[in-house]
2 protein chains.
Amino acid sequence: MTIDIIDKEARNVPTLASIAERVGVSVNTVSRALRAPNTVRVELRRRINAAMEELNYVPNRLAGGLSGTRSDIVGVVVTSLYYSEFASIIDSLQSALLERDLQVMLANTRYNADQELRLVRSILSWRPAAVAIIGVDHPPKVVELLKASGIPIIEMWDTGGDVIDTAVGFDHTQVGAAQADHLIAQGYRRIAFLGSVRENDKRAQKRLSGLEAAAAAAGLPEITKHTAQQGGNPELGERLATELLEHHPEIDAIACNSDVVSFGVLRALKKLGKRVPEDIGVIAFGDNEAAGCVTPSLTTIRPDRERIGKLTAEAIVARINGSEPRITIVDWQLVVRESTQRSTL
Amino acid sequence: MTIDIIDKEARNVPTLASIAERVGVSVNTVSRALRAPNTVRVELRRRINAAMEELNYVPNRLAGGLSGTRSDIVGVVVTSLYYSEFASIIDSLQSALLERDLQVMLANTRYNADQELRLVRSILSWRPAAVAIIGVDHPPKVVELLKASGIPIIEMWDTGGDVIDTAVGFDHTQVGAAQADHLIAQGYRRIAFLGSVRENDKRAQKRLSGLEAAAAAAGLPEITKHTAQQGGNPELGERLATELLEHHPEIDAIACNSDVVSFGVLRALKKLGKRVPEDIGVIAFGDNEAAGCVTPSLTTIRPDRERIGKLTAEAIVARINGSEPRITIVDWQLVVRESTQRSTL
DNA sequence: TGGCACAAAGTGAACGTTAACGCAACGATC
DNA sequence: GATCGTTGCGTTAACGTTCACTTTGTGCCA
């Protein structure tokens, strides 16, 4: 097996020249047979294709990208891959780009600003046709690099801020406000905010500020915040909720930054003997696949990740083809389930 | 904003030559200042770096890859990005590769064999340093292409079959057997298998056959199968479980192909008035983040995705550096929770 | 002072493809 | 029968790096 790979023949990957020599035509003719087949005689084309097939020819896009004008790479920069927060955006984005023969080059910053600069630089070094990146809040140097690159930049997920070029997403402040409004409408008054709010997760911060503003506007007492810097999981939610209620027994509603965290919150409340939604209401954000399957089922905000991915792909193609930059708002949805359904007020 | 981007200055991205001209040295010296800094005088190096910073120079890796021997790309081919099945593998793989300055180029086949061939070809056309791919069962042409490429191929997630070069994962047949053994140990006798088993999801098929073999070995009646071709979600689980129990009321245990599907199974059983684990036991596979938070909490198999990602990265680096191909088994774990804890037998 | 080693920088040729251009052969048009 | 457009292919020159060599400069020792 090893021999196969180290074998000299195997390492001599075929080039256009190999094919050309074998068929007895010029390199350019072989290239044309690939890019513009109808400019080559049918019979010759057939022989060229046969040779390619036989030699397992795979075009070298490094050379193609260097020589040609297009590059066929789309750089995708996300802040997280954990718990499918952005996985389905990538999923639909990638499959929509595939139809245009665009290849995804992925980078994951893990909410680290230094990493973001390094990764954007690394992505740009592949001379992509466009870059899609999560969020609109980037370090100044990142913005400078992206602008200087001269290619379409599509910012995804968030639209609440300065957009570099084109954006597809929604305003997270409004999400926080909607959380507050719903809780208030259900009769909750003492709202707490809980979850993982990393320093570089501007979206989480916007949702929190939207929540605070809406609560203040409704004349509610100040929001109690209990957050952590680390990534969110059920265990974190369980711990934070337990601590929260220990120090603030007056709380009657918890707004959570992610569904996954709130699963742990529900578990903590059960252990503490609190009834949901009667004693305490719980609302979250994200619409995790299990949100409808926990007990009680979880009221949450459902962002349309697949649509964002798809529309981002369309925006990329449109911008590459020269259309104007624009901001596309993708609606989210409040999904009311048991955890806030205090019908017996 | 548009003007910025279409601006001629902006499109003239700086090259090594631009820097060289500005500093007054040869192109090669600038290149060396990047690749082998200690071969360039400190003061000159400082001026070169300053010029790069000022012009926002980003190296062109297309050219670098074409000219040099390394390529710094690792192609990653997954079969799905939905519901974090492989997202956390990619997450840990990517972050481990980052430390070696290797860039991930991502492709998602969505369990489509034709797509797989097309995507592998596309990935290979970027002349990656290595390819990591989910599974060991590929169409013959894919195997041929991968072998002919002469680069390290790391097959992830599954090790139960013919390995092209190097593999990191586990034998899914054994997972199925463990599911059966656990159910049998808990006193269940009439086992059903339920879930999404797509034509190209060989791993799911292996788990099923392991389950069947172990049940047969224990003298149990034949496994009742109720599967679907589409992707798995709670709604599918709910529908399949309802249908299953309608036709097979004798069933006393359900082995499920994914946690997410089994969430729906639990919901269906509750609606049907079946007690879990007393009347029916439920075991699944995947260890979704919510598995411990549903009611009853879910007994499942926990594959160590992060470890697979990390070890795959290590295997890639090792193979690039010339070490021998090998197969690495990454242990999974049976996580026993409430859904099969029939202590009052 | 000649010789040599070594550090620092330059030269020129690749790498595999694409794109602009050139040119021969051929049929159609006036 | 000279002109012209078309088809089908070849020639040549990029694209931006890296790499193997070569050249120049500098200090050191015999």
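Order of the sequence lines fixes the chain letters, A, B, ..., with proteins taken first and strands second; residue numbering starts at 1 for each chain.
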Euclidean distance, atom [atom1] of residue [X] to atom [atom2] of [N] [Å, nearest integer]:
{"X": "B:I48", "N": "C:dA8", "atom1": "CD1", "atom2": "C1'", "result": "11 Å"}
{"X": "B:N38", "N": "C:dC6", "atom1": "CG", "atom2": "P", "result": "16 Å"}
{"X": "A:R35", "N": "D:dC9", "atom1": "CZ", "atom2": "P", "result": "14 Å"}
{"X": "B:N60", "N": "D:dC15", "atom1": "CG", "atom2": "C1'", "result": "8 Å"}
{"X": "A:D72", "N": "C:dT17", "atom1": "CG", "atom2": "P", "result": "14 Å"}
{"X": "B:L16", "N": "C:dG10", "atom1": "CG", "atom2": "C1'", "result": "15 Å"}
{"X": "A:E43", "N": "D:dC9", "atom1": "CD", "atom2": "C1'", "result": "14 Å"}
{"X": "A:L66", "N": "D:dC15", "atom1": "CG", "atom2": "C1'", "result": "4 Å"}

Check: B:R32 side chain, C:dG10 base, donor-acceptor under 3.5 Å: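 Pair found.
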Does any donor-acceptor pair link the side chain of A:N28 with the base of D:dT11 at a separation under 3.5 Å?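 Under the 3.5 Å cut-off, the side chain and the base do form a donor-acceptor pair.
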Per B:S67 side chain, nearest of listed nucleotides C:dT17, C:dA9, D:dT18: D:dT18
Look at [X] and [N] and indicate whether a side-chain polar atom (N or O) is within less than 4.0 Å of OP1 or OP2.
{"X": "A:R61", "N": "C:dT17", "result": "no"}
{"X": "B:S26", "N": "C:dG10", "result": "yes"}
{"X": "B:T29", "N": "C:dG10", "result": "yes"}
{"X": "B:Y57", "N": "D:dT17", "result": "yes"}
{"X": "A:S31", "N": "C:dT18", "result": "yes"}

Counting C-beta onward and ignoring hydrogens, is there a side-chain heavy-atom pair between A:L93 and A:M156 closer than 4.5 Å? yes
More than 12 non-hydrogen atoms from neighbouring residues, nucleotides or ligands closer than 6.0 Å to CD on B:E21, yes or no? no
B:D162 atom CG, neighbour heavy-atom count above 12 within 6.0 Å: no
Under the 3.5 angstrom rule, does the side chain of B:N108 hit a backbone N or O of B:S80 as a donor-acceptor pair?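 Here the side-chain-to-backbone pair exists.
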Which is true for A:L62 with a 4.0 Å heavy-atom rule: it touches a base, it touches only sugar-phosphate, or it touches nothing?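 Nothing: the residue A:L62, judged by heavy atoms under 4.0 Å, touches no strand.
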Need to verify one output field. Residue with the more 5' nearest nucleotide on DNA chain D, A:A63 or B:G65? A:A63
Go through the side-chain N and O atoms of B:R61 and A:S122 and say whether any donor and acceptor fall under 3.5 Å apart. yes
